[in-house]
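Read the numbers this way: they start at 1 and go in the same order the structure lists the ligands and their atoms. Computed over heavy atoms, backbone and side chain alike; hydrogens, waters and symmetry mates excluded. No experiment lies behind these values; they were computed from the predicted model shown.
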Amino acid sequence: MNNIEFLLSRHSSPRLVAPGPDPQQLETILQAGLTAPDHAGLKPFEFILAQDEGLARLGAIYVEAAKADGADEEVLKRAAQLPLRAPLVITVVAKVTEHPKVPSIEQHLSAGCALMQMQQMARALGLGGIWRTGSYATHPYVREALGVSGDDEIVGFLYLGTPATDGAAKRTTDPQPYTRSL
Ligand SMILES: Cc1cc2nc3c(=O)[nH]c(=O)nc-3n(C[C@H](O)[C@H](O)[C@H](O)COP(=O)(O)O)c2cc1C
């Protein structure tokens, strides 16, 4: 697959199994995150890795968040299981620094780009992933437990692993309805 085909065939892999990235692949994935466009070189992101027991720890944070909301047993059980859907979950946090020329939205966008770069690198390495958020991404308990405060935002949970099924999503190929000229 050439570079053009690679970019045009971008897709997520919702069903992921072991193995996840090995240590060298993980390093390469994180390096890809650091290539994100970044106004003023603020590096406005943090990558929080959860694998092995870390996945259970992330699940336990979700459970506490759900308990704080008065969730029933079924929701609590699901909360614990959510991060176990992949061998690796990278929580991508936009870490916002006050800057006269770089408003927080630009820093959030930068963190989003970092997440997508990592997802794409995972594909380039023969792995797969999916960008997820859901209510826990903005939940005050989850934010606090992960050290996210102020204008910082969890821009997503990047689930990575080996795709359980191949098959790319169908892509829209006609850009015309989304395009206009001045
Ligand atoms: C900011 C953001 C948050 C998302 N959150 C979720 C989510 O919580 N759950 C989910 O199934 N998909 C979520 N998605 C969508 C998937 O990442 C994915 O793009 C979608 O399933 C379409 O598949 P594709 O990427 O192969 O086109 C989110 C996407 C973005 C950009």
- Heavy-atom side-chain contact between Met1 and Arg123 under 4.5 Å: yes
- Should you measure from each heavy atom of His11, which atoms of ligand 1 turn up under 4.0 Å away? 26 (O)
- Ignoring hydrogens, just give me the one of Leu82, Leu115, Ile130 whose non-hydrogen atom is nearest atom 21 (O) of ligand 1. Ile130
- Message: Within ligand 1, which atoms have a heavy atom of Arg10 less than 4.0 Å away?
- Response: 24 (P), 25 (O), 27 (O)
- Thr165 side, atom OG1; Arg15 side, atom CZ - distance, nearest 0.5 Å: 6.0 Å
- With Lys95, the salt bridge (charged side-chain N to carboxylate O under 4.0 Å, His left out) member among Asp151, Asp38, Asp152: Asp152
- Could you tell me the separation between the NZ atom of Lys43 and the CG atom of Leu34, rounded to the nearest 0.5 Å? 6.0 Å
- Task: Look at ligand 1 and say whether Gly134 reaches it with a heavy atom at a distance under 4.0 Å.
- Result: yes
- Counting heavy atoms only, which part of Thr133 comes closer than 4.0 Å to ligand 1: side chain, backbone, both or neither? both
- Task: Enter the distance from Thr91:OG1 to Ile61:CD1 here, rounded to the nearest 0.5 Å.
- Result: 8.0 Å
